[in-house]
Each structure stands twice: as C-alpha cells, then as structure tokens.
Engineer: 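Structure below; questions to follow.
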Amino acid sequence: MRLSSTPAIKPIMQSYLHQQIMSVLSQLGGTPPDFDLEFQQPANPDHGDLACNVAMQLARHFKKSPRQIAEDIKNGLESLPLDPTKISSVEIAGPGFLNFRIASTYLFDALQDIIDQGETFGRTGLGKGKRALVEFVSANPTGPLTVGHGRNAVLGDTIARLLDWTGYDVEREYYFNDAGRQMRVLGESVKARYLAELDPELGTKWIGDEGERIEVPLPFPEDGYLGDYIADIARELIASGEQIDVEDTDRFKRAAEEKIFAEIEATLSRMAIKMDSYFNERSLYDSGQIWKIIDLFREKDLAYDKDGAVWLKTTAFGKEADTVLVKSTGEPTYRLPDIGYHIEKLERGYDRVVDVFGADHIATFPDVVEGVRALGYDADRIEVVIYQFVTLVRSGQPVKMSTRKATYVTLDELMDEVGEDVTRFFFLMRSPNTHLEFDLDLAKEASDTNPVFYLQYAHARIQSILRKATETGLPERGEVSLAMLVHEAEIALIKTLLGLPEQIARAAELNEPHRLANFLREVAVAFTQFYGNCRIIGEDDSLARSRMELAKATALVLRNGLTVLGISAPDRM
RNA sequence: GCCCUCGUAGCUCAGGGGAUAGAGCACCGGUUUCCUAAACCGGGUGUCGCAAGUUCGAAUCUUGCCGUGGGCACCA
C-alpha cells in the first residue's frame, strides 16, 4: 500500500519543537545572531513527520560535523525531556537531519478537534481585524463574458473566499468604464443594427481584414462589435416601442450597457459569484481626483508637458521611455484613472488590495503601482495576480476563437456544456501563471479521471456509508475510542486531514487557489486508501463508530475545502 | 531589439534551499459472494531547457544563453 504524504503536521509540532530545540542550543553554546530554525515535512514517511536541518546549518558555527551536532541536540532534547504525548521519537538520519515523529495520542486529540470545529474547521485568524478588497472581472460591458473572463472571475472569487477563511473582512469589486471609446463604439454598433432593422433597404458594406471579411450595415463602425447580441439589443429596443432619436447615440449605449451588465451578473451568479460593489471609472473624473494626481506628479517633477500631451516620467521607475498620461486631445490614457483608482482603494483603508489581471496586463501594471508609490502611498499593499490565457481543447485539438468574428466561446456556453462545478474547478486547478489547457472531453467525463468527480465522489461515498450504517442498525450513540484508529491508512488519513487550515492559509497568503485543489485530491486519495483497507459496517460497534468519526471528519474537510473553492459537495451521485 | 511569464515523465501539471524529484492521464496487468465498479490494487531510466555562479546542500536563488506565450500606442 502506498500512503499519501502528510502535509499537515508542521504547524502542530513546530512551535513546540522550536522552543525545545532553541533551549537545547543555548545550553550547547548559543546560535549566531540572526539564526532561526527551519523545519520541513519529509516527502518520505521513513523520515518521520517533521525534520529539522539545524545540525547542517550550524556545522560551521560549532566547528563540528553535522551528525555530531545532531547527536548533541538529540541527547539534549531527551534529557529535557520531550513531552511523550506530543513527540514519540527523535532520529538522526542522512547528513544530519533530526527526524521527529508525532505521538498518536496527539493525533487523536487533533482529530477530535476537527470534529468539534465542524464547518469552521479550516478557518484561521491570520487576517483578523484586517480588510481586503479583491478587484476582478472588471470587463467593460461590451459583450458577454468569455472563457478568459471566466478564469479571472473564478480566481478572484476564490481568492476572496480564501481571504474570508483566513479571517479577513473581504469585499469584491468590479471596476468598469462606461465613458470610454469602447462603450462609444458599442453604442454605435447597436445604432447601426437598429437602423438596419428599421430599414431593410439600408445598404451594407464589408469590413475586416482579408480572410475575415464580414458584411455589416453601412453606418456600422469599422471596429464595431460583431456578436449577434448587438442585433438582439437593437430588436428589443424596437419591440419596446420607445421613440428614439437616432441622433442620440448615447441612448443606444445605455440600452446596451444595461442589458449586457444584467447578463454578466446572471453569468457570475451561476458560478455563485456576487460582487459587493461596482466602481465606475467616471467617478474619478467627476470628483476631479484625476487632475489632482497630475498636479501631485508635477510637484514631484514626475510629470511634464510635451507635444500637447502630459507625460509621466516612467523612466524614473526604470522604464525605457516615458509614457503619456493625458493625450493631446485632453483625454487621459488608462494609466491616470488606474493610478487614481488604486489610490482611492488604498485610501479606503484596505490592508490588502488584490487585482486579478490577464497576461496582457503583465507589462503595464508596474507603471500604475510605481506611480502610486511615487505619490507616497504604501503600494506594497497592492497585490497583482496575473493569470495566463485559457485554451479550450476538444478531441485533442484547440478550439479556434476569434474576437473579431465574435466566434469566442462564452462562459455561459462553457457552463452549459460542462457544468458550473467543473468550470470552477478547472479554472482553479492550475497555478494562475501557467497557461491553462481546458480539456472539454475530460471535463464532461463522469469518472475518476475527472478530478472534480473524484473529489465529489469521495464525499458522496462517505455520506452513503453513514446512511447505510444507520440503516444496518448501528446505534447512533455509543462508545467512541479514537485510539482504536491504528491502521497506517487511518493514521495517514488523520495526518492529511489536519492540513486543511494551513493549506487554506498558504493559498490565501500567495493568492494561489490551486494549492487547495491539489490538497483536496490528496485528502480524497488518503480516504480511498482508508476505505480500501478499513471497513466500517460489520466491525464491532465501537471500532465502527470510531471509523465513522474519521469518515465524518474526512467529509467535513472535503466539504469545507470545496466550499472555499465554490464547488458543491453532493451527498449522492 | 527591450520587458514580463513559463520550460519538470509520452500528455496535462504539482513541487516552501534539503534526503531516492512526484501526481493525474495515457498504456499494461490484476481485483466485484465485500460500506457506491462513477471504484480499487500493482507497474515510473526524467540531461528538472542549456551553461556558469552562490550554498554543507539547487528543479527551487543569481547571471547568461536557447525555446514558448504575452506585452512594448497620445488603445484598454
């Protein structure tokens, strides 16, 4: 039997051992000034539950061999002595590692603790009293959300959930701009379709590059939006019977914005995503904040006029060239409102300001962060999560998508095809900074080859066992003795379960939800090994009940973990 | 040309300066009078892109080179 690794033990044992080892080291003659102990969890179970490399690190300091130092520390620890209800053994191995094994009584207490904590197991208080803002999606309402937005949405929402579970007071915000060029073109696109609907004799023209030529009504803008939803909006306007002044392009824009925003919210809602606030870029103009920022840059000699435009000295931030803040037309480039927006967020007092951006922003956000910093704000509070692009794969071939032809796959279509849970999980299961290959065939497969089903199945199976146990007459109440859980699969499972809080905390700290997804797979694997080796129904009542407690704790860990990922934990499949 | 990402098994990818670098898929073989076979068990020879450097120790940190993707507009 191959047992899964034990990612859990470290925080439990570490603080205790840290104290004990430092105490021994001071008896042995002390440590260098800025020295601190390092612990790690061995990949190999033969190396115990926790290892310390202190002997190797201090070989030079003590002018002794690492193994000799390890021997001295071990002797020192044993004469303290170590608490046998916490640590069951200390061994020296390899070049001088100290390998510690956790006492099983400690594990049983910890297991009881999981059960007692129930739905709150996994929560930690690292962010207690702190506030975080996660800004994500932030697509201008020019069309339906696409697969690419989906990765953004799921990452942002899950990061918010992770922060919530680590004690932060979290808000989700959507930033958009309804006053820019994109939205103007959107209004003109709708207007052109509207006119064409009213007047079938209205001429058409061809736009686009060679190979991608598309027929559109004559008034259609060259870079207009081509999706069918534009004509739908136009037809709805006609059907509404409203008298519209066709010169009032803004009316078409507003109609489009309203309709599209409602659809975006509905799409997000399918994935259990709800924004707390929407921030309109326009408010930065209305408040005049934007122009104050330029003055501040000028005062610091970081902005100047040239060729009728206002330039930001990005060369002062290490860039090759300066960049334009305000065009000669008087219209700011995106940098200026972006800087303003981030200052606004920092002034709202958040301890962490997380942005979720696609890879196309990778080179531009540093201008914004450095600009904010240059104005005296604590830009270290800004954390930018960059994710790489998504490729859909069907039958081993990439699905061709073209924004130009509006032949992209929408997020709704993706969810229609593979389901909401699978959509969320697939967007989360890879590190944000790796290019994501979304295999549609795998996503639709209802077997253990699909990682989502594998996790959900483990949960459903536990619930099934618990139902069955009740049906077969196992008394609800009775003696439970967790100390009966001595099989190596049982011990390994307990150790794995204990890792949930640390895994969530680490994923939150690094803004990397995939860590939790990977951890849950380990839990499911460890449970499956337990399931294969240890029966519940049919055993003596007290052993059966003890194992049921372990199974319940496993279900809790799976459900809590899946909840953080925004994925359901079904009782039956 | 410059900046940023990534480069790990046939494929998709984990990997927090540590011990013999892992998982899933695929492929091969086995398991069902037994709590969900939507399952389980067994099977891994890889220049961790290449080369230097730092370190007791490097897939991990530094630098250079090669390759992928993204970006280098008075677009966002």
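Note that the structure is a prediction, hence the values are computed from the model and not measured. Atoms considered below: every heavy atom in the structure, side chains included; atoms not considered: hydrogens, waters and symmetry mates. Sequence lines set the chain letters: A, B, ... in the order given, protein chains first and strands last, and positions in each chain run from 1.
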Engineer: When you check the phosphate oxygens OP1 and OP2 of B:A37, does a side-chain N or O of A:Arg461 lie under 4.0 Å from one of them?
Structural biologist: yes
Engineer: Could you tell me the separation between the CE atom of A:Met429 and the P atom of B:A23, rounded to a whole number of Å?
Structural biologist: 18 Å
Engineer: Side-chain donor or acceptor of A:Asn53 under 3.5 Å from a matching atom on the base of B:A19?
Structural biologist: no
Engineer: For a quick check of understanding: with a heavy-atom distance under 4.0 Å over all strands, which category does A:Cys52 fall into, base, sugar-phosphate or nothing?
Structural biologist: nothing
Engineer: For the residue pair A:Phe100 and A:Phe39, categorise the inter-ring angle as parallel (less than 30°), tilted (30 to 60°) or perpendicular (more than 60°).
Structural biologist: tilted
Engineer: Using a 4.0 Å cut-off on heavy atoms, which residues in residues 436-449 of chain A reach RNA chain B? List them by number, or say none.
Structural biologist: A:Glu437, A:Ala446, A:Ser447, A:Asp448, A:Thr449
Engineer: Determine whether a donor-acceptor pair (one donor, one acceptor, N or O, separation below 3.5 Å) exists between the side chain of A:Asp360 and the base of B:G71.
Structural biologist: no
Engineer: Would you please determine if the base of B:A38 is stacked by A:Tyr457, with stacking meaning a centroid separation under 5.5 angstrom and planes under 30 degrees?
Structural biologist: no
Engineer: Keeping A:His149 on the side-chain end and A:Thr146 on the backbone end, is there a donor-acceptor pair under 3.5 Å?
Structural biologist: yes
Engineer: Applying a 4.0 Å non-hydrogen cut-off, can you work out what A:Ser431 is touching in the nucleic acid: base, sugar-phosphate, or nothing?
Structural biologist: sugar-phosphate
Engineer: Measure from NE2 on A:His47 to P on B:G18 and round the result to the nearest Å.
Structural biologist: 14 Å
Engineer: Applying the 5.5 Å / 30° rule, does A:His514 stack onto the base of B:A14?
Structural biologist: no
Engineer: Give each stem of RNA chain B as a range with a range, requiring at least 3 consecutive Watson-Crick or G-U wobble pairs whose two distances are under 3.5 Å.
Structural biologist: B:1-4 with B:69-72, B:10-13 with B:22-25, B:27-31 with B:39-43, B:49-53 with B:61-65
Engineer: Using a cut-off of less than 4.0 Å, is there contact between a side-chain N or O of A:Arg515 and OP1 or OP2 of B:G16?
Structural biologist: yes
Engineer: Using a heavy-atom cut-off of 4.0 Å across all strands, would you classify A:Ala59 as base, sugar-phosphate, or nothing?
Structural biologist: nothing
Engineer: Regarding A:Ala460, tell me which of base, sugar-phosphate or nothing describes its non-hydrogen contacts under 4.0 Å with the strands shown.
Structural biologist: base
Engineer: Would you kindly give the CZ-to-C1' distance between A:Arg430 and B:C13, to the nearest whole Å?
Structural biologist: 4 Å
Engineer: Do A:Ser464 and B:C35 share a donor-acceptor pair, side chain to base, under 3.5 Å?
Structural biologist: no
Engineer: Indicate whether the side chain of A:Arg461 and that of A:Thr528 have a donor and an acceptor atom separated by less than 3.5 Å.
Structural biologist: no
